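All chains are named by letter (A, B, ...) in the order of the sequence lines, taking the proteins before the strands, and each is independently numbered beginning at 1. Everything numeric here is computed off the predicted structure, so don't read it as measured data.
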Number of protein chains: 2
Amino acid sequence: MRLDSGAGSRDSKHAAQVYRELVNEIPKATVVRLPRYLRLLEDLALSKDVVSSEELAAAAGANAANVRRDLSHLDFHGVRGIGYSVAELKARIRQELGIAERQRVAILGAGNLGRALANYGGLSRRGFDVVALYDTDVRKIGSKVGSITIQDLDLLDGDCTSKSFEIAILAVPAVAAQQVADRLVEHGIRSILNFAPVRVNVPEKVSVRQVDLSMELQVLSYYGSRL
Amino acid sequence: MRLDSGAGSRDSKHAAQVYRELVNEIPKATVVRLPRYLRLLEDLALSKDVVSSEELAAAAGANAANVRRDLSHLDFHGVRGIGYSVAELKARIRQELGIAERQRVAILGAGNLGRALANYGGLSRRGFDVVALYDTDVRKIGSKVGSITIQDLDLLDGDCTSKSFEIAILAVPAVAAQQVADRLVEHGIRSILNFAPVRVNVPEKVSVRQVDLSMELQVLSYYGSRL
DNA sequence: TAGATTGTTAATCGATTAACAATC
DNA sequence: TAGATTGTTAATCGATTAACAATC
């Protein structure tokens, strides 16, 4: 099937772009802005019924036209002259992000960072429940962080059904990261947030986002040093 | 001055692109890849003298042509048929990132996250020294985290010269973030890494990067839910 | 030389945005 | 109606990459 030169194609659109629209794929840049819109909508939910693309843009550090295009990718429509329904847009973005229901998160590694993350109340507030905290250190296993008991990482393998979770946060030392990631993948996990300062290799079906403190500081340093 | 139609311009280049080359600006996408190259180079420093664009690309999750173009933005040249000098490229990237010398970092907020960051050895290994840790809680002030004594945030204002730092890490509660950011800006800081789950407004001359756990999880959820 | 790898071009891709008709 | 704001087009921008001549 040829996708270009069809009735709906225009010279200003690339063939690949037309294809992505056909299969209803949302641009990556849009996906990363959705949580920013959502945050404003949650703040606004009690005070306003309607929000404009201008306000959403200010909250996300984007352009109003950009916002309108983003929302049109969701097939979400506002009212001309009025704006967008706060409640409806909030629900629509939650649905699109796959967080209409609460998500279960496991934290791997109960070091300083793992414990800090387990204690962080902001997760629950945004719909993420930390349901497990794993470590390999026998001195830590059994002790509690908040209401969560640290468990032996070896339990992971048998835990598939009883303690299932959708998302894993990797907070282990760099040397252990790949090994633990492999076990998570075996366990069927498809989303990993990696705080370890190494890239982990995973099958294509698994998505990983890495948060690397040193690299963030290095990028900051670049911009700080030339002003 | 017109920038297009000049002797050096070609139809395949946009006028804005030509301008950025004239003033020697490095593309943002390149800047964020430099730390990834640097990490590989540090790992390689003891074992290899030369590295290829192919290897650098694999480490950074980029394309080899992309790497070669990135390095040409640094005016850094390799040797055809051979590759790039590991030691020279490492030094060149450090210089470009403004981290030829060690950088001093202050952490604002000695809660779970602030203390976890202060304890994180990876920072020092990458050339960042945590020189101060501030909080407002009188029960925390004076106690130590590792070798650093928690100080009263009010000292920040008098501290300009004696305890100066180039980079600040914001690890305070959301409600305090803007206020503390304002004080940092007054203090003359130009680089802020913000872990608080709110955008902070700063003058244009200050750069901020935000790390927001919930938003990262929401983006992950999107990709995890459609596979 | 033959093989390897750079440096650069040209094309395409993906994202942004000004502008404005549509319309509440 | 007049004012406000959406939805969409068209242009441009910024980034990526295949391909290949240059050259070690």
Any-strand Watson-Crick or G-U partner of D/dT23, both distances under 3.5 Å: C/dA4

Identity of whatever pairs with D/dA11 - Watson-Crick or G-U, under 3.5 angstrom: C/dT16

Whole-Å gap separating [atom2] ([N]) and [atom1] ([X]):
X	N	atom1	atom2	value
B/Asp70	D/dG14	CG	P	16 Å
A/Leu71	D/dT8	CG	P	12 Å
A/Glu25	C/dC13	CD	P	14 Å
B/His73	C/dT8	NE2	P	11 Å
A/Asp75	D/dT6	CG	C1'	15 Å
A/Leu89	D/dT6	CG	C1'	13 Å
B/Glu54	C/dT6	CD	P	8 Å
A/Leu56	D/dT6	CG	C1'	12 Å

C/dG7 OP1/OP2 closer than 4.0 Å to side-chain N/O of B/Tyr84: yes

Below 4.0 Å: OP1/OP2 of C/dG7 and any side-chain N or O of B/His77: yes

Nearest-nucleotide pick for A/Arg80, side chain only, options being D/dA15, D/dT5, D/dT8: D/dT5

B/Asp49, CG atom: more than 12 neighbouring heavy atoms under 6.0 Å: no

Pi-cation contact, A/Tyr222 with A/Arg226 (under 6.0 Å, within 45°): yes

5'-most by nearest nucleotide on DNA chain D - A/Ile82 or A/Ala65: A/Ile82

Sugar-phosphate, base or nothing in reach of B/Ser53, heavy atoms under 4.0 Å: sugar-phosphate

Sugar-phosphate only, base, or nothing, as touched by B/Asn63 at under 4.0 Å among non-hydrogen atoms: sugar-phosphate

Check: A/Arg69 side chain, C/dT16 base, donor-acceptor under 3.5 Å: yes

Upstream residue (5' side of DNA chain C) when A/Arg33 and A/Arg68 are each assigned their closest nucleotide: A/Arg33

Nearest-nucleotide comparison on DNA chain C, the residue closer to the 5′ end among A/Lys28 and A/Val79: A/Lys28

Salt-bridge criterion met for A/Arg104 and A/Asp129 (N-O under 4.0 Å): no

Salt bridge B/Asp212-A/Arg36, side-chain N to carboxylate O under 4.0 Å: no

Heavy-atom pair of closest approach, residues A/Ala116 and B/Ala116: CB-CB, 4.1 Å

